[in-house]
Structure formats: C-alpha cells, structure tokens
Trainee: 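Shown below is the structure under consideration.
Predicted, not measured: the structure shown is a model, and the values here were computed from it. Computed from heavy atoms alone, side chains included, the values below leave out hydrogens, waters and symmetry copies. Throughout, protein chains are lettered first and strands after them, A, B, ... in sequence-line order, and every chain is numbered starting at 1.
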Protein chains: 2
Amino acid sequence: MSIRIIIADDHTIVRHGLTKLLQQEKDVEVVAQAQNGHATLELARELSPDVIVMDVGMPDLNGIDATQQILHENPNIKVLALSMHAGKKFVVAMLKAGASGYLLKDCALEELTTALQTIIYGRIYLSPAITDIVVDSYVRQPGEAEQSAFSVLSQREREVLQLMAEGNTTKQIALRLHISPKTVEGHRLRLMSKLNIDNIAQLTKYAIQEGLTSAEL
Amino acid sequence: MSIRIIIADDHTIVRHGLTKLLQQEKDVEVVAQAQNGHATLELARELSPDVIVMDVGMPDLNGIDATQQILHENPNIKVLALSMHAGKKFVVAMLKAGASGYLLKDCALEELTTALQTIIYGRIYLSPAITDIVVDSYVRQPGEAEQSAFSVLSQREREVLQLMAEGNTTKQIALRLHISPKTVEGHRLRLMSKLNIDNIAQLTKYAIQEGLTSAEL
DNA sequence: GGGCAAATTAGGGAAATTCCCTATTCTGCC
DNA sequence: GGCAGAATAGGGAATTTCCCTAATTTGCCC
C-alpha cells in the first residue's frame with residue numbers, strides 16, 4: 001500500500017512541483033493539496049493521510065500552529081516541515097509542535113524521498129544544516145528559554161497577530177475565526193500588552209521578524 | 001582651505017567611524033554630525049558645508065527627501081549618498097534628488113576619499129556596482145517609469161507614511177511636523193488611496209519594501 | 001501673465017473602533 | 001478540588017477614522 005500524502009504550501013508552483021516530483025515515486029500518492037493552515041487542518045480530518053508535507057510560513061494559519069492542532073487531533077499523522085529559512089525559532093517551534101522532520105526548501109529530491117522513508121518508519125529526519133541548530137538548542141542550559149512569539153503568546157494570540165499583520169481588521173478576523181469581534185479585541189489587547197507594543201506598525205514588524213508574515217504585500 | 005563636511009547617519013557607530021576615518025585625511029574637516037534628516041536640514045542651513053555624507057535610510061526624514069530639500073535651499077552643497085543597499089529605486093531616487101555620488105557602505109576608505117575628491121570638483125562619483133544600475137536605468141525606454149513611493153507620493157506624504165510605519169500615531173506625527181492632526185489625516189487618506197492600501201499593516205510592509213523604514217522594532 | 005493641477009493646510013460631524021472593565025466557561029495541571 | 005491561564009464576549013466611555021468641503025500655495029504650461 002502506498003503512502004498517502006497531503007501537500008501544504010501557499011505557493012501554487014511549489015505545491016504543483018512537489019506533487020509532480022512525488023508522483024514519480026512509487027509507493028507514494030498525493031491525495032490533496034492545501035494553500036493555508038486551516039485548509040490543511042480540514043483536509044487532515046477528512047482524509048487522515050500518512051504524511052503532511054507542511055510549509056512553515058503560510059498565510060492565515062502558519063504551519064507550526066497547524067501542525068500542533070493536527071497532531072493533537074490525530075497523532076498518527078507524520079508532519080514533514082518544509083521551510084526556506086533555517087531560523088532557529090522555526091526549527092525549535094516546529095519540532096516542539098511535533099513535526100517528524102525538517103527540510104530546507106533548497107534540498108534535492110533525493111533528500112525529500114529519504115526524509116519520507118525515514119519518518120514513515122517513525123524516526124526523525126532533519127536537513128544536515130538543521131541538525132546543528134537542534135543540537136545547539138539541546139546543549140543550551142534550560143532557563144535561557146527561547147524568547148519568541150511561539151513561547152510568549154498563546155496559539156490564538158499568534159493567530160490573531162498573524163491575521164492583523166496580514167492587513168485584516170478586527171471584524172474580518174472575527175468572521176474568519178467565527179468568534180465575536182469583542183473576543184478578537186481581547187486577544188489583541190492581551191498580545192499587545194504581552195509584547196509591549198501599542199501600534200499596528202510595530203506589531204507588523206514584529207510579526208515579520210518572527211516569520212508570522214512576510215514583508216510582501 | 002579644507003573641505004567642510006557634515007556626516008548624516010542614524011547609527012552612532014557609523015557616524016563616529018566615518019568621522020574618525022575622515023579626520024585622518026588632510027584637507028578634510030567634519031564640522032557636524034546628524035542622526036536624522038531634519039537635523040541634517042538644519043545643520044546644513046547653519047553651517048553651509050561643502051559636502052554632506054548622507055545615509056539613504058534614516059528615521060524621521062529619509063536621506064532622499066532631505067537631499068532634495070537641502071539642495072533646493074543651497075545648490076552649492078554636494079551630497080554624497082551612502083547606503084547599505086544597491087536597490088535601484090534608492091539609487092535612481094537619490095540621483096534625481098541631486099546627489100553628486102552614491103557609495104555602498106561596504107566600500108573601502110580609499111573609495112570614500114576618492115569619491116570626496118571627485119564630487120568636490122563638481123563631478124559625479126558612483127560605486128562600481130552602482131554604475132550598472134544607472135546605465136540600465138538610462139537605457140530603459142522612457143514611459144516605463146519607476147513605480148516607487150518616490151514618484152507616486154508627494155514628499156509630505158512620504159514623510160507621513162514613514163512616520164506611520166515607524167509606529168507614530170496621527171497626533172504624534174502632527175506634533176512632530178508642527179501641523180494639525182487634521183492635516184496629517186488628510187495626508188494619510190490621500191496616500192493610502194494612492195497606494196490602494198487601507199490598513200496600517202500593509203502600509204508598514206509597503207514602507208519596508210520601499211526602504212522608508214526597516215523591519216527592526 | 002493667467003490659469004490649471006497638484007500639494008498642503010485644516011475644520012465639521014457622523015460612524016466606527018479602541019480601550020478598559022468585568023465575567024463566564026473550559027482545560028490542563030499539581 | 002482548585003487554581004492559573006486561555007478563550008470567549010458584553011457594556012460604555014473615549015478616541016479615531018472617514019468623508020466632505022475649502023482656503024492657500026506652488027509649480028508649470030501655453
């Protein structure tokens with residue numbers, strides 16, 4: 001029986017490219033594609049795939065929070081993180097979220113298939129460049145914790161922050177998340193006081209620095 | 001008689017470094033330093049220097065608009081632009097503003113002194129990497145104009161945009177520019193409709209892309 | 001030089017949003 | 001069991017935005 005895979009990436013070309021590449025492998029079947037975290041979440045529920053190849057930086061709901069939720073609902077799914085950046089924050093957060101592997105986007109096809117083979121057998125696969133980061137993080141004394149959006153803020157707060165930094169109004173966010181605008185307001189106020197930021201401009205810059213959104217319009 | 005110079009750069013280390021370097025040259029005197037565009041403007045009025053070494057990306061009032069105003073008031077001053085980026089937009093805008101030279105920040109001291117010698121004699125000095133860009137821009141058909149903040153927006157609009165992207169409120173901007181908050185509002189509304197952007201988050205990203213502000217907090 | 005378009009300035013007033021306080025429910029954890 | 005933190009949301013005062021209008025200035029084209 002072949003490995004059933006969902007591809008999650010916001011760039012259409014990347015999705016299609018990956019799909020094309022994986023279709024040439026035997027024992028592999030791409031059952032769905034998603035262009036944001038929420039869609040991935042729902043597809044994972046419906047299809048229960050073996051593996052999700054997950055882009056870390058996606059609009060709407062990022063790969064890290066999506067991974068966390070998906071694995072909470074179905075721990076049998078393996079998540080293979082795929083990212084452009086080797087940023088420590090992303091790696092640590094993704095692995096904490098329960099990802100089974102972390103690949104850099106400039107890797108060769110062979111590495112992708114190797115990674116798939118590895119994680120399907122329940123082991124962890126990391127890009128060579130990533131291993132150093134993980135070891136470094138492991139060696140560091142506990143106490144000097146990661147000071148990033150992924151430790152200071154709650155998941156909902158990050159979600160609201162990201163949507164704000166993508167240019168959504170309080171109302172739009174409320175609609176998107178199916179909650180009251182008042183609730184979104186609450187999240188906003190709390191996360192801004194946590195970050196000690198009191199304006200949208202700096203909040204946007206923070207989100208860019210933390211990789212929750214890109215500087216593209 | 002020695003060349004009287006003003007150094008304008010927002011980073012203290014850079015300013016001090018440049019000053020130190022230039023002090024070792026004979027026939028050169030650093031008469032003042034400024035850390036933003038407005039300060040440079042005033043110092044230029046007071047001191048009428050021979051040359052201003054001007055950082056392109058400064059908070060408050062950027063180097064491009066500062067250059068434009070300074071040269072408008074005193075065309076005898078030579079402005080030597082200094083920048084980290086070789087971005088086409090900056091180069092074109094800076095030269096349009098009337099700069100006599102454009103240096104990249106990673107150049108050697110020799111290049112700086114060469115540039116000073118060159119522009120003091122009324123000629124133009126460009127970093128080698130910059131020359132290509134200028135030629136390219138020259139070769140391009142007129143008609144396909146630069147679509148950047150420096151052509152679409154008025155100077156006041158850019159100024160307001162930058163201050164917004166730096167996290168200032170309408171009131172704070174009004175105080176800074178000594179105009180009514182109502183006027184700032186007017187500028188904001190107009191520039192946002194020009195850019196077809198209706199929220200601060202995207203506006204901040206636009207300002208980052210255009211180099212009017214950085215992604216740092 | 002007359003005039004036109006664009007820039008800069010700014011007020012009035014309705015509408016929307018933010019800010020702060022309070023409160024309930026749920027979940028994980030010791 | 002209970003406690004801390006997260007997620008939810010309402011009320012109401014205060015602030016800000018949004019849209020309209022308008023005066024003055026400025027540069028520029030014929």
Trainee: If I take atom CG in residue L191(A) and atom P in nucleotide dG5(D), what distance separates them, rounded to the nearest angstrom?
Mentor: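 The distance from CG of L191(A) to P of dG5(D) comes to 17 Å, rounded to the nearest Å.
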Trainee: Using whole Å, report how far CD of Q155(B) lies from P of dT8(C).
Mentor: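 Taking CD of Q155(B) and P of dT8(C), I get 7 Å after rounding.
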Trainee: At under 4.0 Å, does any side-chain N or O of S154(B) touch on OP1 or OP2 of dA6(C)?
Mentor: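 No, no such contact exists.
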Trainee: Quickly work out the L189(A) CG to dT18(C) P distance and round it to whole Å.
Mentor: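 In whole Å, dT18(C) P and L189(A) CG are 9 Å from each other.
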Trainee: Can you tell me how far C1' of dA7(D) sits from NE2 of H178(A), to the nearest Å?
Mentor: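 After rounding, the reported distance stands at 16 Å.
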Trainee: Below 4.0 angstrom from OP1 or OP2 of dG12(C), is there any side-chain N or O of K182(B)?
Mentor: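 No, because none of the side-chain N or O atoms of K182(B) sits under 4.0 Å from OP1 or OP2 of dG12(C).
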Trainee: Give me the one residue out of L175(B), I173(B), L189(B) that meets side-chain contact (heavy atoms from CB on, under 4.5 Å) with V184(B).
Mentor: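 Looking at L175(B), I173(B), L189(B), the match for V184(B) under the side-chain contact (heavy atoms from CB on, under 4.5 Å) is I173(B).
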Trainee: Looking at R158(B) and L153(B), would you say the former's side chain and the latter's main chain have a donor-acceptor pair under 3.5 Å?
Mentor: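 Yes, because the side chain of R158(B) sits within donor-acceptor range (under 3.5 Å) of the backbone of L153(B).
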Trainee: Which is more 5' along DNA chain D, the nucleotide nearest H72(B) or the one nearest R190(B)? Just name the residue.
Mentor: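 The residue closer to the strand's 5' end, by nearest nucleotide, is R190(B).
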Trainee: Taking only side-chain N and O atoms of R188(A), does any of them lie within less than 4.0 angstrom of OP1 or OP2 on dC19(C)?
Mentor: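 It does, given that an N or O in the side chain of R188(A) lies less than 4.0 Å from OP1 or OP2 of dC19(C).
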Trainee: Round to the nearest Å and state the distance from I173(B) atom CD1 to dT16(D) atom C1'.
Mentor: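 Atom-to-atom, I173(B) to dT16(D), this comes out as 13 Å.
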Trainee: S180(B) side chain: which of dA10(C), dA6(D), dA7(D) is closest?
Mentor: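 Comparing dA10(C), dA6(D), dA7(D) against the side chain of S180(B), the answer is dA10(C).
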Trainee: In plain terms, say whether E42(B) and R45(B) are close enough for a salt bridge, that is, a side-chain N and a carboxylate O under 4.0 Å apart.
Mentor: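 No, no charged N to carboxylate O under 4.0 Å.
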Trainee: Sort out for me which residue in R188(B), M192(B), H187(B) forms a side-chain contact (heavy atoms from CB on, under 4.5 Å) with R190(B).
Mentor: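 Answer after filtering R188(B), M192(B), H187(B): H187(B).
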Trainee: For the pair made of CD in E157(A) and P in dT8(D), what is the distance, rounded to whole Å?
Mentor: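 The distance from CD of E157(A) to P of dT8(D) comes to 11 Å, rounded to the nearest Å.
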Trainee: Is there a donor in the side chain of Q162(A) and an acceptor in the side chain of E166(A), or the other way round, less than 3.5 Å apart?
Mentor: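 Side-chain D/A pair, Q162(A) to E166(A): present.
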Trainee: Is any side-chain nitrogen or oxygen of R156(A) closer than 4.0 Å to OP1 or OP2 of dT8(D)?
Mentor: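 The answer is yes; a side-chain N or O of R156(A) sits under 4.0 Å from OP1 or OP2.
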Trainee: Once you apply a heavy-atom cut-off of 4.0 Å, does I179(B) come out as touching a base, just sugar-phosphate, or nothing?
Mentor: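 Sugar-phosphate, backbone atoms only, no base.
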Trainee: From CD of E185(B) over to C1' of dT17(C), roughly how many Å is that when rounded to an integer?
Mentor: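 In whole Å, dT17(C) C1' and E185(B) CD are 13 Å from each other.
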Trainee: What is the distance from CZ of R158(B) to C1' of dA7(C), rounded to the nearest Å?
Mentor: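 Atom-to-atom, R158(B) to dA7(C), this comes out as 12 Å.
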Trainee: Ignoring backbone atoms, establish whether K171(A) has a side-chain N or O less than 4.0 Å from OP1 or OP2 of dT18(C).
Mentor: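 Looking at the OP1 and OP2 atoms of dT18(C), neither is under 4.0 Å from any side-chain N or O of K171(A).
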Trainee: Would you tell me if any nitrogen or oxygen in the side chain of T183(A) comes within less than 4.0 Å of OP1 or OP2 on dT8(D)?
Mentor: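 Result: no.
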Trainee: Tell me whether the OP1 or OP2 atom of dA7(C) has a side-chain N or O from H187(B) closer than 4.0 Å.
Mentor: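 No, no such contact exists.
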Trainee: Once you apply a heavy-atom cut-off of 4.0 Å, does T169(A) come out as touching a base, just sugar-phosphate, or nothing?
Mentor: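 Nothing, no nucleic acid heavy atom in range.
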